[in-house]
Amino acid sequence: MTAEHRPAWEEYFMDIAILVAKRSTCLRRAVGALIIKDKRILATGYNGAPSGIRHCGEVGCLRETMKIESGQRHELCRGIHAEQNAIIQAAYHGVQIKDATLYCTNLPCSICTKMIINAGIKKIYFREGYADSLSKDMLAESSIEVIQLGNS
């Protein structure tokens with residue numbers, strides 16, 4: 001980045017989501033999420049095992065062992081998704097996220113989408129797609145604005 005290039009807010013927050021994803025402990029996909037309101041970061045999350053629980057790198061990946069395809073059987077994983085972690089962190093710290101914006105490195109799955117809808121998040125920016133047609137259907141039916149930023 002040169003001094004002449006100042007990133008737009010959307011690019012800035014997506015870059016931070018990409019950085020947050022580097023904390024992931026998932027062996028299959030590193031995902032990062034931010035919840036933003038009024039150009040302020042309210043909460044962050046990355047995917048991995050719950051606090052105090054051994055990571056997949058230590059015990060192996062159940063989804064790999066069972067040969068579960070991406071976008072299927074989300075419950076068969078010891079990890080929690082980045083979007084879920086961001087929502088939980090906000091709740092844990094008493095941070096109001098109604099009408100906020102979510103930045104996520106991947107389009108949310110159907111389980112995360114249900115949480116996002118009920119949390120009152122109004123806009124989602126994502127970088128890469130995700131193989132979950134139910135998520136896409138629910139987002140299309142909701143009043144949430146969904147915008148893809150880049151797709152590398």
Side-chain angles (χ1 to χ4, degrees), residues 9-10 12-56 59 61-152:
W9 286 108
E10 293 82 7
Y12 171 73
F13 288 129
M14 186 57 73
D15 286 348
I16 295 171
I18 292 166
L19 180 62
V20 170
K22 292 181 179 184
R23 290 282 306 154
S24 171
T25 61
C26 180
L27 301 175
R28 294 178 101 181
R29 177 191 315 257
V31 180
L34 302 176
I35 299 175
I36 306 297
K37 194 170 187 180
D38 299 326
K39 298 179 183 165
R40 303 287 183 253
I41 299 171
L42 302 179
T44 67
Y46 53 86
N47 58 327
S51 298
I53 303 298
R54 291 179 296 156
H55 300 299
C56 297
V59 299
C61 176
L62 178 62
R63 293 176 63 80
E64 284 295 320
T65 302
M66 297 178 75
K67 301 193 184 330
I68 299 170
E69 293 182 37
S70 182
Q72 304 293 313
R73 305 294 312 268
H74 302 291
E75 76 280 6
L76 294 176
C77 179
R78 67 188 295 112
I80 186 166
H81 289 187
E83 304 92 327
Q84 295 168 354
N85 264 328
I87 291 168
I88 291 166
Q89 284 302 310
Y92 186 87
H93 293 288
V95 176
Q96 154 78 256
I97 61 173
K98 183 177 182 281
D99 298 324
T101 298
L102 174 77
Y103 284 79
C104 194
T105 56
N106 288 88
L107 185 68
C109 74
S110 56
I111 294 170
C112 291
T113 293
K114 291 182 263 188
M115 293 177 68
I116 290 163
I117 291 167
N118 278 359
I121 290 172
K122 294 298 181 194
K123 187 183 287 189
I124 299 171
Y125 288 99
F126 73 98
R127 185 175 174 99
E128 296 178 7
Y130 188 67
D132 188 334
S133 59
L134 180 56
S135 170
K136 293 173 191 167
D137 292 345
M138 286 191 300
L139 286 169
E141 189 177 337
S142 77
S143 61
I144 297 173
E145 185 178 358
V146 181
I147 302 165
Q148 185 168 14
L149 296 176
N151 56 0
S152 58

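Not measured: the values here are computed from a predicted model.
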Is there a donor-acceptor pair closer than 3.5 Å between any side-chain N or O of [X] and the backbone N or O of [Y]?
{"X": "S135", "Y": "T113", "value": "no"}
{"X": "N47", "Y": "R29", "value": "yes"}
{"X": "D38", "Y": "R40", "value": "no"}
{"X": "K37", "Y": "K98", "value": "yes"}

Value rounded to 0.5 Å, distance of [atom1] in [X] from [atom2] in [Y]:
{"X": "I36", "Y": "T101", "atom1": "CD1", "atom2": "OG1", "result": "8.0 Å"}
{"X": "E10", "Y": "D15", "atom1": "CD", "atom2": "CG", "result": "11.5 Å"}
{"X": "S142", "Y": "K114", "atom1": "OG", "atom2": "NZ", "result": "13.5 Å"}
{"X": "Q84", "Y": "C112", "atom1": "CD", "atom2": "SG", "result": "4.0 Å"}

Residue pair [X] / [Y], side-chain heavy-atom distance below 4.5 Å:
{"X": "Q148", "Y": "R127", "value": "no"}
{"X": "I111", "Y": "E83", "value": "no"}
{"X": "I116", "Y": "L102", "value": "yes"}
{"X": "I88", "Y": "I80", "value": "yes"}
{"X": "L139", "Y": "K136", "value": "no"}

Would E141 and D137 count as a side-chain contact (heavy atoms from CB on, under 4.5 Å) if you check the C-alpha gap in whole Å, the side-chain angles of each, and the deciding distance to 0.1 Å?
CA-CA 6 Å; E141 189 177 337; D137 292 345; over 6 Å; no
With ring-ring contact (aromatic ring centres under 6.0 Å, His included) as the rule and sequence neighbours excluded, what pairs involving residues 87-114 come up?
F13-Y103, Y103-Y125
What's the shortest heavy-atom distance between [X] and [Y], and which atoms?
{"X": "I87", "Y": "A119", "result": "CD1-CB, 4.5 Å"}
{"X": "T44", "Y": "I41", "result": "CG2-CG2, 3.9 Å"}
{"X": "V20", "Y": "G45", "result": "CG1-O, 3.3 Å"}
{"X": "A30", "Y": "A21", "result": "CB-O, 3.5 Å"}
{"X": "N106", "Y": "V31", "result": "OD1-CG2, 3.4 Å"}
{"X": "D132", "Y": "S110", "result": "OD2-N, 2.7 Å"}

Start with the C-alpha distance between L149 and F126, add both sets of side-chain angles, then the distance that settles side-chain contact (heavy atoms from CB on, under 4.5 Å), and finish with yes or no.
CA-CA 6 Å; L149 296 176; F126 73 98; over 6 Å; no
Looking at residues at least two apart in the chain, or sitting in another chain, which of them share a salt bridge (charged side-chain N to carboxylate O under 4.0 Å, His left out) with R28?
E64
Taking salt bridge (charged side-chain N to carboxylate O under 4.0 Å, His left out) as the test, write out the residues that go with K123, two or more places apart.
E145
Apply side chain to side chain donor-acceptor pair (under 3.5 Å) to [X] and list each qualifying residue two or more places apart in sequence or on a separate chain.
{"X": "R73", "result": "E75"}
{"X": "N85", "result": "none"}
{"X": "T25", "result": "H55"}

side-chain contact (heavy atoms from CB on, under 4.5 Å) test vs P108 passes for just one of V146, I121, I117, I124, namely I124
